[in-house]
Each structure stands twice: as C-alpha cells, then as structure tokens.
Amino acid sequence: MSDAVSIKNQKLFEIDHKIDELVKKIEMLNYVNPNNIETEKAKFFNSKYLTDPKFTYPKRDFDKFSLHKEFFALKIDDIEDERLRDFYEDIIYFYSGLIQCIETIGKGKRFYYNSLRSFGTPTENDVENAKFILHFDSEDENDSLFQPKYSASESHQFFREYSKNYDFSYEIKNSSTMGAIAMVSNTAQALVLNENHTFSQNEINILTNHEIGVHMVTTMNGMLHPLKIFSHGFPNNEETQEGLAVFSEYMSGNLTIKRLKELAYRVLAVDSLAKGYDFSRTFRLLHNGYDLDREQAFYITVRAHRGGGFTKDYLYLTGLKKIYNYHSEGKDLSLLLTGKVSLEFVDDISYMIDNKYASASKHITDSYATNKNTNKTVDFILRNLK
C-alpha cells in the first residue's frame with residue numbers, strides 16, 4: 001500500500017482498526033452455545049420429549065451500552081472514499097444488530113426477533129427445497145463410512161494430516177459445550193471439536209473440507225489485509241461462508257444425500273420457529289414426523305432453539321445453492337475466500353483489491369481445483385433447487 005493511499009485514507013484505517021478492537025468482543029458462537037446441553041438432553045429424553053430443556057449460557061463479558069455507543073461514535077463521514085463510507089455504515093449497523101442478539105440470548109422471543117433481523121428466516125421456496133431433498137433415499141446407514149469410530153481427540157490426527165495441504169497453523173481444542181460437532185473459532189484461530197461426539201469417517205471427510213478447507217482458510221486470508229474487517233466479517237457473511245464450506249464438501253466428493261438431508265432438516269427446524277413451535281414440538285416434528293433418530297433430532301433442534309430461537313441454520317442450504325450457481329457461471333471463487341466476506345459485496349472486494357485496501361487470496365480451498373463429485377443424484381438436487 002503506497003504512502004499516498006495511507007495518508008489520504010488515514011481516517012478509514014483508524015475507523016477500521018477501532019471496529020477491529022470492538023468486534024473481537026462479540027463473536028456470537030462464544031455466547032449462544034448452551035453450557036448444559038448433555039444434562040438437559042437426559043432430562044428431555046426422560047420426560048418423553050414433553051418438557052422443554054432449560055439451557056444456561058456463558059455470561060456476556062462486555063457492556064452492551066458502551067459498545068453500542070462506541071460503534072455509533074465512529075465518524076464514518078470522515079472516510080473520503082464514498083463507496084467505502086457506505087460499506088462501513090453497513091458494517092456498523094450489522095454489528096449493532098449482533099450486539100442486540102448477544103445481549104438477549106436466553107430471553108426467548110426477544111432473542112428470536114433480534115436473530116430474525118440479523119439472519120432472516122426461510123422463505124416458502126427454502127422450505128420447498130428442503131422438502132424436495134427429503135424425497136430422495138439416503139445412503140445405507142450401515143455402511144462403515146457412516147459408523148462412529150473416532151473420539152474427538154483421536155480425530156485430531158485427520159485434521160493435522162489434511163492441513164498439510166495449507167501453509168498455516170492453528171490450534172485444535174475439544175469442548176463439552178457445543179451444539180455443533182465442530183467449529184472454527186475465528187478470534188482464537190482454533191478448530192474446536194465436540195468431545196461428546198464420536199466421529200465417523202464420513203464426518204471427518206466432511207469436516208476437514210468444511211472447517212479447514214473453507215472456514216480456516218478464510219480466517220487466515222482475512223488476517224492478511226490492510227483492512228481488518230476481512231477478519232471479522234462483512235454484513236450477512238454467514239450465508240456465503242457456509243455456502244462455500246458445504247460447496248467444498250461437494251467438490252471434494254464428500255457431499256452425500258444424508259448430509260443434504262441434514263441441511264434440509266435444519267431449514268425445517270428454523271421454519272418451525274416462524275410457526276411458533278416450542279422446542280419439544282420442533283423435536284417431535286423431526287423425530288416423529290420425519291423419522292429422524294432422536295439424537296440427531298435433538299441436536300438439530302438445539303441449534304435452532306438455542307438462545308431463544310437462532311435462525312442462522314437455514315442459510316447453509318441457501319448459501320450452497322448460491323455458491324453452486326456462482327461457480328456454474330464460471331465466476332471467481334477466490335474473491336470469496338479473501339476473508340469473512342459476503343457474495344453481495346463481491347464487486348466491493350474487487351474494488352478494494354484494485355485500490356490496495358485488500359490483497360488477493362493467499363490460501364485457496366484445495367477442493368475447488370477439481371470437481372471430484374461422482375454422485376449424479378447430488379448434482380440433480382443442486383441443479384433443481386429453486
């Protein structure tokens with residue numbers, strides 16, 4: 001970046017660095033995952049699925065009022081570049097919404113409505129897409145590929161081996177308080193595995209490509225830019241990031257009908273929130289209505305109902321379809337790997353790279369090099385999603 005650009009845009013970088021300091025305090029997944037999932041699961045099963053779990057959550061370690069005040073005290077009008085000024089205005093409103101989400105976790109409908117504003121809810125088309133997927137037969141559950149084999153600690157070796165494809169390092173941790181079976185902590189630059197879960201080979205194949213091949217890749221790329229916002233996330237980045245991650249599963253040849261159905265069930269679980277279903281009714285919809293085994297039905301329900309109603313999970317399927325279409329049109333996926341970015345801002349990413357505010361992606365998802373999918377039914381489904 002030239003001295004001229006640095007001086008001309010001094011205010012831009014001051015604001016960006018201040019947002020960097022503030023955003024480090026508000027990583028949603030640090031707060032929305034219940035502390036007591038396993039104990040509440042046992043109680044829920046003992047109640048014959050009738051008594052909703054009473055989840056507890058990590059305490060918020062920031063002052064919501066001072067954080068809001070600091071965001072809105074930023075003098076966005078001082079940014080000379082009009083395009084970037086508008087972009088950072090969007091950033092402030094986006095993170096203000098996330099603060100509202102975090103401050104209402106565990107407060108029922110208050111959290112749900114804030115989640116709705118930040119992440120949206122499934123449309124009729126999304127629900128139809130989910131039900132369309134459920135018409136197809138899954139792979140044989142008895143296949144050795146799907147059998148639980150590895151503890152969280154035993155699984156570390158597979159992630160380490162896969163990561164030799166990339167020029168970066170990260171920590172691997174285990175956690176007992178997760179709704180997911182694995183996730184990347186962006187701020188800690190760590191892969192976190194659910195120590196209560198036993199992993200199948202198929203799950204290992206999916207997670208290496210999903211968590212490391214995309215989420216860790218975009219974490220590491222995001223750190224390389226003059227502007228820090230690439231590390232923490234553009235507005236609405238969840239849909240794009242999860243779409244890229246599931247698309248990596250597809251390109252590596254690991255996306256199964258079973259996995260697509262899991263994403264479909266998540267859509268239906270989030271849609272149940274919009275219908276006013278409580279936890280037990282959503283669970284029974286999945287377990288009794290769709291014959292999903294009770295363990296999977298429970299965890300999918302937890303993901304949707306945690307905090308009071310977390311709508312983010314439907315975005316995996318919508319994101320996959322958007323990235324599939326984007327790739328099918330021959331567009332450049334590397335622009336979307338530059339950090340925690342959003343598809344809707346792809347022109348702005350090009351603009352920032354051209355004007356030296358950002359850098360081209362150093363790390364590229366290895367599965368994107370060659371399409372290894374051989375499942376014609378998966379292709380048929382992805383082509384025909386609305």
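Note that this is a predicted model, so its numbers are computed, not measured.
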Is Phe146 isolated, or which residues cluster with it under the ILVMFWY side-chain rule of less than 4.5 Å, directly or via members?
Leu145
Nearest atoms (heavy-atom pairs only) where [X] meets [Y]:
X: Leu193; Y: Ser155; answer: CD1-CB, 4.1 Å
X: Thr218; Y: Leu336; answer: CG2-O, 4.2 Å
X: Ser252; Y: Glu249; answer: OG-O, 3.0 Å
X: Ala180; Y: Asn194; answer: O-ND2, 3.1 Å
X: Leu224; Y: Met220; answer: CG-O, 3.5 Å
X: Glu40; Y: Lys43; answer: OE2-NZ, 3.2 Å

For Thr208, enumerate each residue passing the side-chain hydrogen bond (donor to acceptor under 3.5 Å, both in side chains) test, keeping only those at least two apart in sequence or located in another chain.
none
Applying the 4.5 Å side-chain criterion to the ILVMFWY set and letting contacts propagate, would [X] and [Y] be lumped into a single cluster?
X: Phe234; Y: Leu315; result: yes
X: Tyr351; Y: Ile91; result: yes
X: Ile102; Y: Phe65; result: no
X: Phe45; Y: Leu50; result: no

Using the ring pair (Phe, Tyr, Trp, His ring centres under 6.0 Å) rule, pick out the option among Phe279, Tyr112, Tyr277, Phe55 that qualifies with His305.
Phe279
Identify which one of Phe71, Phe87, Phe72 satisfies the ring pair (Phe, Tyr, Trp, His ring centres under 6.0 Å) criterion when paired with Tyr93.
Phe72
Taking the six-membered ring for Trp, are the ring centroids of [X] and [Y] within less than 6.0 Å of each other?
X: Tyr314; Y: Tyr265; answer: no
X: His363; Y: Phe168; answer: yes
X: Phe199; Y: His197; answer: yes
X: Tyr49; Y: Phe298; answer: no
X: Tyr368; Y: Phe247; answer: yes
X: Tyr31; Y: Tyr57; answer: no

Test side-chain hydrogen bond (donor to acceptor under 3.5 Å, both in side chains) applied to Tyr170 and Ser163, step by step
CA-CA 9 Å; Tyr170 59 91; Ser163 297; 2.5 Å; yes
Cation-pi check, Arg60 to Phe62: give yes when NZ or CZ is under 6.0 Å from the six-membered ring centre and within 45° of the ring axis, no otherwise.
yes
So, the side chain of Asn375 versus the backbone of Val378: is there a donor-acceptor pair under 3.5 Å, distance only?
yes
Is a donor from one side chain sitting under 3.5 angstrom from an acceptor on the other, for His215 and Glu242?
yes
Polar contact flag, side-chain donor to acceptor under 3.5 angstrom, Ser176-Asn196:
no
Checking Asn114 against Thr104 for the side-chain hydrogen bond (donor to acceptor under 3.5 Å, both in side chains) test, could you report, in this order, the C-alpha distance in whole Å, the side-chain angles of both residues, the deciding distance, and whether it holds?
CA-CA 8 Å; Asn114 285 322; Thr104 53; 3.1 Å; yes
